[in-house]
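One structure is given below, encoded as structure tokens.
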Number of protein chains: 2
Amino acid sequence: MNESVDFLKGTLDLMILKTLSWAPTHGYGIARWIEHCTGDVLQVEEGSLYPALHKLEERGLIAAEWGISEHNRRAKFYRLTTAGKKQLLAAHDSWARFADAVFKVLRTAPASH
Amino acid sequence: MNESVDFLKGTLDLMILKTLSWAPTHGYGIARWIEHCTGDVLQVEEGSLYPALHKLEERGLIAAEWGISEHNRRAKFYRLTTAGKKQLLAAHDSWARFADAVFKVLRTAPASH
DNA sequence: TGTATATACCTCGGAGTCCTAGGTAAGCTT
DNA sequence: AAGCTTACCTAGGACTCCGAGGTATATACA
């Protein structure tokens, strides 16, 4: 995950959850989707993606099932669990508040005196 | 740096640089300013702040000078260097593009078909 | 006078995240 | 048959943040 250098942290989890909120998707497809809908501003590295998926699964936020991809290949499809849906809402809200706070720092000028 | 849990990474550097763009400020004051203008949404921990300042100084983006604070205490005042000003512009732009990309993932619905 | 509080600095070590670099395997195209 | 794309995986290093600890001084207050 790069280009925009170094921000991001936890944001990957959020974007994975959001992507899965539309439909169950396999890891490779999640990466392609994120890249596609950000116009390649965000690159999802496999070395970040798969460990992140495994941790989300461990935490019970997503569940996996093997299946066959649209390209006729073996693929692991992930879906949101109930806990995952709840977590997505919380994380979305949390991100919005965080981003808003950062923008405040970037915009707020000290009171003149 | 917390409350909004876990995002943030590199964002601290950006906010430090931005704070210093208004006026030279000591570390403690930087932390208080960020907390103040985000309405305490972002907490700046000293264990994050001081190492970050030292690294920015090492990288030549800020410069330090000992002085006396508004509370009559010994304090290290940091100011942006020329390289720091340049870096601030780049990081600001980078953050804006990153945040925009994340919001795109949070908002974009897959094309129906 | 002594003590508490706020100001102001610092570092160590752990936890967590991302990425580079490597690997496997199978389907499709040429 | 070779090469590309799809699809998965992990190990290890680099880095960042934070909790917890520490030092020191000015001011307020009892």
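Letters A, B, ... mirror the listed sequences (proteins, then strands); counts begin at 1. Every heavy atom of this structure was used, including side-chain atoms; hydrogens, water molecules and symmetry mates were not.
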Rounded to whole angstrom units, what separation is found between the CZ atom of A:Arg32 and the P atom of D:dT6? 8 Å
Side-chain donor-acceptor pairs of residues 59-66 of chain A under 3.5 Å, sequence neighbours excluded:
none

Pairwise distance CD(B:Gln87) to OG(B:Ser94) - rounded to 0.5 angstrom: 8.5 Å
How long is the straight-line distance from NZ of A:Lys104 back to CD1 of B:Ile34, given to the nearest 0.5 Å? 14.0 Å
Would you mind reading off the distance between A:Leu12 atom CG and C:dG16 atom C1', rounded to a whole angstrom? 13 Å
Only distances under 3.5 Å count here; give the side-chain donor-acceptor pairs of residues 24-33 of chain A to other protein atoms, sequence neighbours excluded, each with its distance to 0.1 Å.
unit_1  : atom_1 : unit_2  : atom_2 : d
A:Thr25 : OG1    : A:Ala23 : O      : 2.8
A:His26 : ND1    : A:Gly29 : N      : 3.1
A:His26 : NE2    : A:Glu70 : OE1    : 3.2
A:His26 : NE2    : A:Glu70 : OE2    : 3.4
A:Arg32 : NE     : A:Glu35 : OE1    : 3.3
A:Arg32 : NH2    : A:Glu35 : OE1    : 3.3
A:Arg32 : NH2    : A:Glu35 : OE2    : 3.3

Just the rounded figure in Å: distance from C1' of C:dG16 to CZ of A:Arg59. 11 Å
When rounded to whole Å, the NZ to C1' distance for the pair A:Lys55 and C:dG16 reads 7 Å
Nearest 0.5 angstrom please: A:Thr38 OG1 to B:Arg97 CZ, how far? 10.0 Å
Take the angle between the ring planes of A:Phe98 and B:Trp95 and call it parallel below 30°, perpendicular above 60°, tilted in between. perpendicular
Under 4.0 Å protein heavy-atom contact, by nucleotide of nucleotides 8-14 of chain C - B base, S sugar-phosphate only: BBBB---
Rounded to the nearest angstrom, tell me the gap between atom CG in B:Leu14 and atom P in D:dT16. 14 Å
What integer distance in Å separates B:Glu35:CD from C:dA6:C1'? 14 Å
Nucleotide D:dA14, atom P - distance to CD of A:Glu45 in whole Å: 18 Å
